[in-house]
2 protein chains.
Amino acid sequence: MIELLIRYIKDKIDNQLTESDVRILSDVFYLKKIRKHQYFIQSGDVCKMAAFVVKGALKKYTIDASGKENILELYIENWWVGDKESFMTGAPTPYNIDAYEDSELLVINKDDFTHKLSKLTFMTELNNVLTERQSFQLMKRLHSSQTFTAEQKVEQLQNTYPEFFQRFPQHMIASYLGMTKETISRIRKNAANK
Amino acid sequence: MIELLIRYIKDKIDNQLTESDVRILSDVFYLKKIRKHQYFIQSGDVCKMAAFVVKGALKKYTIDASGKENILELYIENWWVGDKESFMTGAPTPYNIDAYEDSELLVINKDDFTHKLSKLTFMTELNNVLTERQSFQLMKRLHSSQTFTAEQKVEQLQNTYPEFFQRFPQHMIASYLGMTKETISRIRKNAANK
DNA sequence: GTACAATGTTGATCTAGGTCAATGTTTTTT
DNA sequence: AAAAAACATTGACCTAGATCAACATTGTAC
């Protein structure tokens, strides 16, 4: 399983991984299986793990006063799961993350991250690349959220992450895009007639 | 002027700045004054500068098909200005940035950034801290954008960046929050009667 | 293979916030 | 100090998308 992560990292960084790097990675990451509907973190927890998705599908969301679920992120294979802000600062997370499919995660504890990984240059490089990419994506999502019509949002998602439409039910996609299941249903019906 | 930047950096990083660090900073950053309404970058440009606001106020925005301005970021003293994605990747920016007040910026060119700063550890540290913070903020803004009412959005902004209400006209705040000037006007009138 | 949960569709109705237009106020320019 | 921009307010009306409710379809567990 760790091979998937090694391959992923090699792809993202400029330099090569040494044998020692690979050994450390294999040492600190451990496989955790989580079943459909099981929580990875719950609102109020401090997020003490970060994880790489080897297999499965998960979602990050909040629940509002009226009980409505608001999905912020969807995760499938090769995505990193967790609340980075809580992980880094130790503040309780406002989010829930749970599995939508039975999943396999490569998990690292905060403690190992701090002591065994954070001084490895390839790891800080990876971390920076990912944080930067995340922030670029969020800027685009915020812009779309504020300026696009529901139809444009769906179309954009079909262009950026078409996989999501295969892996998640429509009502979850709708929530991720900040609209209702009825709206996305009508939009897709319409799009089919074009 | 550079002292402001030095002080700012010292505040953000763990280690001390050496004399050599300070010399390099003074060397690569230069002061640029920009007048009200003047562009810092325009949509379609490649962003070849990053800048620290010493004095003034600016905005980042797009213009949609119908001519409506959509503000994505507001900047005042001690904020960093630019399109980081365009700056890092060399892709043309989709955004405009211009001055809302006469402003003074400490500017660094991409070339100097790459060759003279990017190998200094304090600078990569600063860069990472800022990118991370940016991404945390964007996540919160996206969540608010998708789940808050107009009223809640205004209230949240008053708690997070109350300065904005002093520095920018209401119609710009409205655009930043993704609503119209009429809506924010009615909300604030209401809030006053509480 | 029957039952039950999860998912998706469709129509009727509602509403938060947008649009439009007129008017008022404050700031800037000359 | 007058004229012109820029900014803000208010009312009337409109609309994209939400809500509500009923029903259809698909998946899953026993």
Side-chain angles (χ1 to χ4, degrees), chain A residues 35-38 56-59 61 63-71 74 98-102 144-158 164-194, chain B residues 35-38 56-59 61 63-71 74 98-103 144-158 164-193:
Chain A
R35 309 285 288 279
K36 181 163 184 164
H37 296 133
Q38 195 182 329
L58 304 92
K59 63 182 197 286
Y61 60 98
I63 302 285
D64 71 14
S66 73
K68 205 183 83 186
E69 179 178 280
N70 293 300
I71 297 181
L74 295 173
D98 66 24
Y100 174 66
E101 295 176 2
D102 291 347
S144 315
S145 169
Q146 294 199 343
T147 66
F148 281 12
T149 63
E151 191 175 347
Q152 291 172 319
K153 289 175 195 177
V154 173
E155 195 192 333
Q156 177 179 261
L157 187 63
Q158 271 162 340
F164 284 1
F165 290 85
Q166 318 310 318
R167 294 296 284 276
F168 298 102
Q170 237 176 61
H171 70 269
M172 283 176 52
I173 306 266
S175 174
Y176 174 81
L177 291 174
M179 66 188 67
T180 59
K181 59 188 187 343
E182 291 91 342
T183 294
I184 203 176
S185 170
R186 288 186 249 260
I187 285 170
R188 303 204 82 200
K189 185 190 172 187
N190 244 311
N193 300 339
K194 280 188 184 167
Chain B
R35 309 287 287 278
K36 182 164 183 163
H37 295 134
Q38 195 182 327
L58 304 93
K59 63 181 197 287
Y61 60 98
I63 302 283
D64 72 15
S66 73
K68 205 183 81 186
E69 180 178 281
N70 294 299
I71 297 181
L74 295 173
D98 66 23
Y100 174 66
E101 295 174 3
D102 291 348
S103 302
S144 315
S145 169
Q146 293 200 343
T147 67
F148 281 11
T149 62
E151 192 175 346
Q152 291 172 318
K153 288 175 194 176
V154 173
E155 194 192 333
Q156 177 178 261
L157 187 63
Q158 270 161 340
F164 284 1
F165 290 85
Q166 318 309 317
R167 294 296 285 277
F168 298 101
Q170 240 177 60
H171 69 268
M172 283 176 53
I173 306 266
S175 174
Y176 174 80
L177 291 174
M179 65 187 69
T180 60
K181 58 187 186 345
E182 291 91 342
T183 294
I184 202 175
S185 171
R186 288 186 248 260
I187 285 170
R188 303 202 83 200
K189 184 190 173 189
N190 244 311
N193 299 339

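In what follows, chains are A, B, ... by sequence order, proteins preceding strands, each numbered from 1.
With sequence neighbours excluded, no residue forms a side-chain hydrogen bond (donor to acceptor under 3.5 Å, both in side chains) with B:Y100. Judged as a salt bridge (Lys or Arg N to Asp or Glu O under 4.0 Å), and not counting sequence neighbours, A:E155 has no contacts. Residues passing the side-chain hydrogen bond (donor to acceptor under 3.5 Å, both in side chains) test with B:K181: none are found, sequence neighbours excluded. Scored by the side-chain contact (heavy atoms from CB on, under 4.5 Å) test, A:R35 finds A:Q38, A:D102 as partners (sequence neighbours excluded). For the ring-ring contact (aromatic ring centres under 6.0 Å, His included) test, no residue two or more places apart in sequence or in another chain qualifies with B:Y61. A search for side-chain contact (heavy atoms from CB on, under 4.5 Å) contacts involving A:Q158 returns A:V154, A:F165, A:R188, not counting sequence neighbours. Remark: B:S175 pairs with no residue by the side-chain hydrogen bond (donor to acceptor under 3.5 Å, both in side chains) rule, at least two apart or across chains. Taking A:T183 as the reference, A:A150, A:M179, A:T180, A:I187 meet the side-chain contact (heavy atoms from CB on, under 4.5 Å) condition, with sequence neighbours excluded. Evaluation of the side-chain contact (heavy atoms from CB on, under 4.5 Å) rule for B:T149 yields B:E151, B:Q152 as partners, not counting sequence neighbours.
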Heavy atoms under 4.0 Å is the rule here; annotate nucleotides 16-30 of chain C 5' to 3' with B where the base is hit, S where only the sugar-phosphate is, and - elsewhere.
-SSBBB---------
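Rounded to an integer number of Å, the gap from A:H171 NE2 to C:dA6 P is 9 Å.
Using five terminal pairs a side, the axes of the helix from C:dG1-D:dC30 to C:dT30-D:dA1 at its two ends make an angle of 50°, given in steps of 10 degrees.
Here the CG-CG distance, from B:L74 to B:L58, works out to 9.5 Å after rounding to the nearest 0.5 Å.
Bounding nucleotides for the chain B contact on DNA chain D, 5' to 3', at a heavy-atom distance below 4.0 Å, are D:dC7 to D:dA12.
At a threshold of 4.0 angstrom between heavy atoms, the contacts of B:F168 with the nucleic acid are absent.
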